[in-house]
Enquirer: 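I have a structure I would like to understand better, so I am pasting it below and will then ask my questions one at a time.
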Number of protein chains: 2
Amino acid sequence: MDELVERGVRITRQRRVLISVIQNSPTHLDATALLAIAKQQDSGINLATVYRTLALLKNCGLIDELDLMHLEGEKHYYEAKTSSDHCHLACFGCGAIMEYASPLFEKLKRKIAADSGFRIRVARLELGGLCKQCAKTTA
Amino acid sequence: MDELVERGVRITRQRRVLISVIQNSPTHLDATALLAIAKQQDSGINLATVYRTLALLKNCGLIDELDLMHLEGEKHYYEAKTSSDHCHLACFGCGAIMEYASPLFEKLKRKIAADSGFRIRVARLELGGLCKQCAKTTA
DNA sequence: TTTTACTTGCGAATGATTCTCAACTGGGAA
DNA sequence: TTCCCAGTTGAGAATCATTCGCAAGTAAAA
């Protein structure tokens with residue numbers, strides 16, 4: 001939140017609620033789910049505001065946008081950005097979403113940046129396949 | 001193409017054209033662009049068929065689906081799958097899309113699979129930021 | 001407190017993608 | 001080769017996520 005103030009972004013009632021919901025959510029939320037939860041705290045929030053706030057937070061680098069392999073439709077999911085990036089494993093069998101962080105991922109990013117001169121602002125690694133359980137069953 | 005025959009997929013006139021366009025395209029195509037090019041070879045192709053064929057090829061693992069950081073809208077882009085995965089770097093400055101393949105990426109995938117027991121079928125690594133040129137200008 | 005540029009809510013608009021269904025056609029069987 | 005039919009297509013409507021336009025509301029600087 002302080003990050004936003006520093007950037008001169010106005011902190012409105014709606015933004016406060018939305019940010020808190022995103023930061024406290026145990027799951028990856030899409031815009032509609034985020035709205036539903038936010039409405040419990042502030043019934044007057046509108047879906048357009050949700051989208052506008054997500055765009056704002058994304059541009060400020062405070063949240064990441066995910067596809068999660070589009071396991072259920074073409075929508076996007078959001079999560080608060082953490083210090084080190086992690087990748088998402090989406091199981092085509094049971095729909096489970098797992099997270100995986102590794103120093104090797106960080107190393108790969110550094111190498112890509114070094115090799116190409118590209119200044120990385122967002123990194124998104126998503127894998128689709130079968131989780132341990134489903135791989136066993138399908139095998 | 002042989003891959004499809006083996007799987008018992010019917011090879012229609014439209015599919016033949018679409019596959020050839022995808023395989024020969026020097027750029028990443030979205031559904032509409034793919035349709036436009038395909039129509040030059042077979043004017044009767046329909047957008048619905050393009051989407052159906054893309055879904056088919058994606059499920060068979062013959063093409064990869066990309067977002068390219070949604071630099072220009074929420075559409076998807078497609079490319080023929082190659083033997084080794086590569087990641088895509090999308091420049092927020094000039095819109096350039098660069099590709100980058102590295103043994104380290106393959107190694108990371110193997111490590112993730114080994115650590116988690118996940119059987120990877122699709123891997124998508126997309127980076128957004130500034131290319132060498134734009135990073136210099138903005139700095 | 002006043003001011004004003006930035007935000008919001010609402011509903012309409014957009015754009016990508018999917019669906020429905022009748023007509024069509026690969027490619028195996030006869 | 002011809003026949004047959006399950007799988008495929010075209011056309012347009014439908015769906016779904018996301019964005020826009022604009023009048024009314026509101027942070028927060030002065």
Side-chain angles (χ1 to χ4, degrees), chain A residues 1-22 28-39 41-60 63-78, chain B residues 1-22 28-39 41-60 63-78:
Chain A
M1 200 92 96
D2 305 330
E3 309 247 354
L4 292 173
V5 174
E6 280 170 29
R7 286 172 188 255
V9 171
R10 190 182 291 181
I11 304 298
T12 65
R13 180 169 49 82
Q14 295 88 334
R15 287 179 181 167
R16 216 186 298 276
V17 171
L18 290 171
I19 291 169
S20 131
V21 172
I22 293 173
H28 301 105
L29 299 171
D30 59 54
T32 306
L34 173 53
L35 175 65
I37 298 176
K39 272 191 168 172
Q41 293 178 45
D42 186 331
S43 62
I45 294 187
N46 188 278
L47 185 55
T49 300
V50 171
Y51 278 107
R52 283 187 285 234
T53 302
L54 287 173
L56 174 74
L57 298 176
K58 188 168 55 161
N59 284 332
C60 291
I63 58 174
D64 276 325
E65 184 179 68
L66 310 168
D67 275 10
L68 301 184
M69 285 291 150
H70 296 305
L71 250 39
E72 38 183 68
E74 296 298 309
K75 58 194 168 190
H76 291 117
Y77 297 86
Y78 300 88
Chain B
M1 199 92 96
D2 304 330
E3 309 248 353
L4 293 173
V5 175
E6 280 171 29
R7 287 172 187 255
V9 172
R10 190 182 293 180
I11 305 299
T12 65
R13 180 169 49 84
Q14 294 89 334
R15 287 181 181 163
R16 216 187 298 275
V17 171
L18 291 171
I19 292 169
S20 131
V21 172
I22 294 173
H28 301 106
L29 299 171
D30 61 50
T32 306
L34 174 53
L35 175 65
I37 297 176
K39 273 190 166 170
Q41 293 177 45
D42 186 332
S43 62
I45 293 187
N46 188 276
L47 185 55
T49 300
V50 170
Y51 278 108
R52 284 187 286 233
T53 302
L54 287 172
L56 174 74
L57 297 176
K58 187 167 58 160
N59 285 332
C60 291
I63 59 174
D64 276 325
E65 183 178 67
L66 310 169
D67 277 9
L68 301 184
M69 285 292 151
H70 296 305
L71 249 39
E72 39 182 65
E74 296 298 309
K75 57 195 168 190
H76 292 116
Y77 298 86
Y78 301 87

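Residue numbers begin at 1 in each chain, while the letters A, B, ... track the order of the sequences.
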Enquirer: Could you give the NE2-to-P distance, from A/His70 to D/dC16, as a whole number of Å?
Expert: 16 Å

Enquirer: Between the two end axes of the helix from C/dT1-D/dA30 to C/dA30-D/dT1, each built from 5 base pairs, what angle do you get to the nearest 10°?
Expert: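 Roughly 40°, once rounded to the nearest ten degrees.
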
Enquirer: Does B/Glu3 have more than 12 heavy atoms from other residues, nucleotides or ligands lying within 6.0 Å of its CD?
Expert: no

Enquirer: Measure CD/A/Glu72 against C1'/D/dA17 and give the value in whole Å, please.
Expert: 14 Å

Enquirer: Rounded to the Å, how far apart are B/Arg13 CZ and C/dG26 C1'?
Expert: 12 Å

Enquirer: OP1 or OP2 of C/dG26 versus the side-chain N and O atoms of B/Arg15: is any pair under 4.0 Å?
Expert: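 Result: no.
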
Enquirer: Starting from P on D/dT19, measure out to CG on A/Leu56 and report it in whole angstrom.
Expert: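 About 13 Å, once rounded to whole Å.
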
Enquirer: Counting neighbours of CD on B/Glu74 that are heavy atoms of other residues, nucleotides or ligands and sit closer than 6.0 Å, is the number greater than 12?
Expert: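 Result for CD/B/Glu74: enclosed.
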
Enquirer: Please write out the pairs of protein N or O atoms and N or O atoms of nucleotides 28-30 of chain D separated by less than 3.5 Å, giving the distance to one decimal.
Expert:
unit_1	atom_1	unit_2	atom_2	d
D/dA28	OP1	A/Ile11	N	3.1

Enquirer: What pairs with B/Arg10 under salt bridge (Lys or Arg N to Asp or Glu O under 4.0 Å), at least two apart in sequence or on another chain?
Expert: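 Scan of B/Arg10 (salt bridge (Lys or Arg N to Asp or Glu O under 4.0 Å), adjacent residues dropped) gives none.
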
Enquirer: For B/Lys75, enumerate each residue passing the salt bridge (Lys or Arg N to Asp or Glu O under 4.0 Å) test, keeping only those at least two apart in sequence or located in another chain.
Expert: B/Asp30, B/Glu72

Enquirer: Excluding sequence neighbours, so at least two apart, what forms salt bridge (Lys or Arg N to Asp or Glu O under 4.0 Å) with A/Asp67?
Expert: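 Scan of A/Asp67 (salt bridge (Lys or Arg N to Asp or Glu O under 4.0 Å), adjacent residues dropped) gives A/Arg124, B/Arg124.
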
Enquirer: With rounding to the nearest 0.5 angstrom, report the CG to OH distance, B/Asn46 to B/Tyr51.
Expert: 11.5 Å

Enquirer: If you measure from NZ on A/Lys58 to NE2 on A/His76, what distance do you get to the nearest 0.5 Å?
Expert: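 Nearest 0.5 Å value for the NZ-NE2 distance: 7.0 Å.
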
Enquirer: Check the distance between C/dT8's P and A/Asp42's CG and give it to me in whole angstrom.
Expert: 11 Å

Enquirer: Output yes when a side-chain donor or acceptor of A/Thr53 lies under 3.5 Å from a complementary backbone atom of A/Thr49, and no otherwise.
Expert: yes

Enquirer: Nearest-Å distance, CG (A/Leu35) to P (C/dC10)?
Expert: 11 Å

Enquirer: Which value, rounded to the nearest 0.5 Å, describes the distance between A/Arg15 atom CZ and A/Leu57 atom CG?
Expert: 8.5 Å

Enquirer: Using whole Å, report how far CG of A/Leu66 lies from C1' of D/dA17.
Expert: 16 Å

Enquirer: Rounded to whole angstroms, how far apart are NZ on A/Lys39 and C1' on C/dG9?
Expert: 11 Å

Enquirer: Only one of B/Leu35, B/Val50, B/Ile37 clears side-chain contact (heavy atoms from CB on, under 4.5 Å) with B/Val21; which?
Expert: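 Answer after filtering B/Leu35, B/Val50, B/Ile37: B/Ile37.
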
Enquirer: What string of B, S and - do you get for nucleotides 11-23 of chain C, 5' to 3', if B is base contact, S is sugar-phosphate-only contact and - is no contact with any protein heavy atom under 4.0 Å?
Expert: -----SBBBB---

Enquirer: With a 4.5 Å cut-off on side-chain heavy atoms, are A/Leu18 and A/Leu54 touching?
Expert: no

Enquirer: Compare side-chain N and O positions of B/Gln14 against OP1 and OP2 of C/dG26 and report whether any pair is under 4.0 Å apart.
Expert: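 No, because none of the side-chain N or O atoms of B/Gln14 sits under 4.0 Å from OP1 or OP2 of C/dG26.
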
